[in-house]
2 protein chains.
Amino acid sequence: MDDRVRPIDVTTVQERVYQELRNALYQGRFMPGEVLTIRALAAALGTSPMPVREAIQRLVTENALTQLPNRTFQVAALTLENYDEWIRVRCEVEGYAAQRAALRARPGICTELRKINRIFGQAIEARDAGGMLEGNQHFHFAVYEAADSDALLKIIGSLWLRFGPVLAFVQHIEGSIEMFRRGVAVHERVIAAMERHDAKEARFALALDIRAAASWFRRHHFGAGEELQPEPLQRRGLGQARPR
Amino acid sequence: MDDRVRPIDVTTVQERVYQELRNALYQGRFMPGEVLTIRALAAALGTSPMPVREAIQRLVTENALTQLPNRTFQVAALTLENYDEWIRVRCEVEGYAAQRAALRARPGICTELRKINRIFGQAIEARDAGGMLEGNQHFHFAVYEAADSDALLKIIGSLWLRFGPVLAFVQHIEGSIEMFRRGVAVHERVIAAMERHDAKEARFALALDIRAAASWFRRHHFGAGEELQPEPLQRRGLGQARPR
DNA sequence: CAATCCATTTTGTGATCACATATCGAAGAT
DNA sequence: ATCTTCGATATGTGATCACAAAATGGATTG
């Protein structure tokens with residue numbers, strides 16, 4: 001009726017706080033283990049504590065934040081023990097998303113992915129640390145959106161939330177450039193599989209991308225330990241109770 | 001120091017409201033699409049609106065509830081379109097949990113699972129509708145807990161939340177007894193695979209359990225449509241754009 | 001009979017207050 | 001110097017209030 005005005009943002013303050021905290025976590029603007037207080041965040045965001053506490057509770061539900069017995073909130077920290085656990089879940093879920101994406105891929109999406117991957121590569125050569133993380137994330141989520149499943153996208157979103165804070169450390173690790181370069185190559189392998197609608201290979205390649213990056217990071221951040229292996233499908237020593 | 005008193009529940013009201021709503025959803029005490037209001041729930045629970053709105057927001061984050069543009073809350077309803085989508089995600093995630101459980105299974109867990117499955121079977125023969133759903137859930141989550149992954153347990157918990165409300169319909173469908181009986185048999189297949197630490201078979205059998213029950217329910221609840229098939233790994237018609 | 005209008009009620013949202021508990025810091029004791 | 005103690009401050013939690021937007025339900029009009 002009237003094109004002199006444009007639609008404005010009608011979302012609730014709580015929703016915007018939630019999204020803002022989410023972005024901050026994705027981009028590693030909070031450190032793992034960092035303590036967050038409602039009033040401090042409210043002051044920083046320029047609102048009352050009310051919307052903040054609801055947003056924080058939602059993030060606790062997603063395991064992005066942890067509530068200590070003291071009832072204080074802290075950014076979820078990954079210990080070595082559950083690091084592997086979360087990585088393996090990511091390989092399964094995100095691998096499955098890639099599988100779905102390969103089955104549903106329309107030709108346009110692959111050229112789009114190549115474009116995203118090229119920008120990712122340029123950020124690497126430009127030594128743009130923020131751009132590398134962003135480019136990698138951009139590529140992955142473009143694949144997951146091609147899977148055309150809100151359910152999956154939601155789950156994967158919470159999985160990534162958990163890793164955002166530790167990803168900020170990546171840029172300070174020596175050899176990250178080479179690691180990212182290998183990522184570009186594996187991404188191309190994912191795209192090629194999607195082009196052929198080869199779901200199995202797309203899944204494998206994407207899980208490989210996650211696993212390779214994860215075990216590189218694990219080695220440098222947690223300091224060695226054995227490698228992160230794909231899980232076997234049959235356990236050796238049939239019928240034996242696992243020794244504790 | 002003093003054993004004349006016992007520990008009491010020190011969780012927040014909000015947490016208890018959240019758990020209560022969660023249980024209500026699991027047990028199908030809310031109908032899909034039902035509208036929930038904060039004040040009404042608060043009155044029914046005997047608290048102020050404050051803890052309720054936080055609990056509700058958490059459930060929205062888990063996709064168990066939906067917030068309409070009117071900003072009213074309703075129990076998430078499954079349409080035929082995304083029913084299959086969620087079921088397939090469940091097959092992947094819960095199948096993976098079974099795979100993990102098979103690798104980690106200690107002998108005790110299998111006898112425990114058989115016991116749970118027997119109780120499940122007894123509920124069926126006793127025509128105890130509530131007991132059937134509960135027994136089935138009990139078995140599944142016993143398997144998932146054996147996977148020893150908090151991450152997985154959390155994800156699967158939210159997946160089940162989504163299906164709780166529609167599960168209440170199962171008891172009114174003719175032939176549910178036979179369906180549940182087949183479930184007991186497939187459960188046994190899962191247990192046998194776990195005993196042999198055959199992770200691949202455990203995963204397959206558990207996904208089969210979900211898929212069989214889901215396509216039975218789908219046929220009777222949504223009324224026919226084609227069957228729910230496991231996803232192919234290669235698409236026919238290579239390089240062809242999918243017709244819309 | 002159907003549609004419209006308007007007063008009333010309901011409902012989510014944000015802000016503020018009250019309070020119990022936890023945390024911190026300085027003064028004091030051993 | 002180290003530990004303890006105690007007042008002051010900070011923090012999460014629950015309740016209440018205020019308000020705008022939506023839903024409701026008659027009364028009125030065509």
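Since the model is a prediction, treat every value here as computed from it, not as a measurement. Letters go in sequence order (proteins before strands), and every chain restarts at 1.
- In this structure, of C:dT16, C:dA15, C:dT13, it is C:dT13 that holds the atom nearest to the side chain of B:R39.
- Between the CG atom in B:L113 and the NE2 atom in B:H187 there is a gap of 10.0 Å [rounded to 0.5 Å].
- Checking C:dG12, D:dG14, D:dG12 against the side-chain heavy atoms of B:T37 singles out C:dG12 as nearest.
- Remark on DNA chain C: of its neighbouring residues A:P69 and A:S48, the 5'-side contact belongs to A:S48, judged by nearest-heavy-atom nucleotide.
- Residue B:F73 contributes atom CZ, which lies 6 Å from atom P of C:dG12 at whole-angstrom precision.
- A cation-pi contact links A:R90 to A:F163, judged by a cut-off of 6.0 Å to the six-membered ring centre and 45° from its axis.
- For D:dG14, its base never sits under 3.5 Å from the side chain of B:R53 at any donor and acceptor pair.
- When the nucleotides D:dT16, C:dG14, C:dT13 are ranked by their closest atom to the side chain of A:Q14, C:dG14 comes out on top.
- The minimum heavy-atom distance between B:D148 and A:E85, with the atom names listed, is O-OE1, 4.4 Å.
- Interatomic distance, CG of A:L78 versus CH2 of A:W86, reported as 8.0 Å (0.5 Å rounding).
- The B:R71 side chain lies nearest to C:dT13 when the options are D:dA15, D:dG12, C:dT13.
- Closest approach to the A:V13 side chain among C:dA15, D:dA15, C:dG14 is made by C:dG14 (side chain taken as heavy atoms from C-beta onward).
- Distance B:Q57 CD to C:dT13 C1': 10 Å, rounded to the nearest Å.
- Remark: P of D:dA10 and CG of A:L68 are 20 Å apart, rounded to the nearest angstrom.
- Using a 4.0 Å cut-off, no side-chain N or O of A:N70 falls inside it from OP1 or OP2 of C:dT21.
- Contact check, B:Q67 against C:dT13: a side-chain N or O comes under 4.0 Å of OP1 or OP2.
- Atom pair B:L41:CG and C:dG12:C1' shows a separation of 13 Å (rounding to whole Å applied).
- Across the protein-nucleic acid pair, A:Q74 atom CD and C:dT23 atom P stand 12 Å apart, rounded to whole Å.
- Between A:I38 atom CD1 and C:dT16 atom C1' there is a gap of 14 Å when expressed in whole angstrom units.
- The interatomic distance linking A:M50 (CE) with D:dT13 (C1') rounds to 10 Å, in whole Å.
- At a threshold of 4.0 angstrom between heavy atoms, the contacts of A:I56 with the nucleic acid are absent.
- Residues B:E94 and B:L206 share a closest heavy-atom pair of O-CD2, 3.6 Å.
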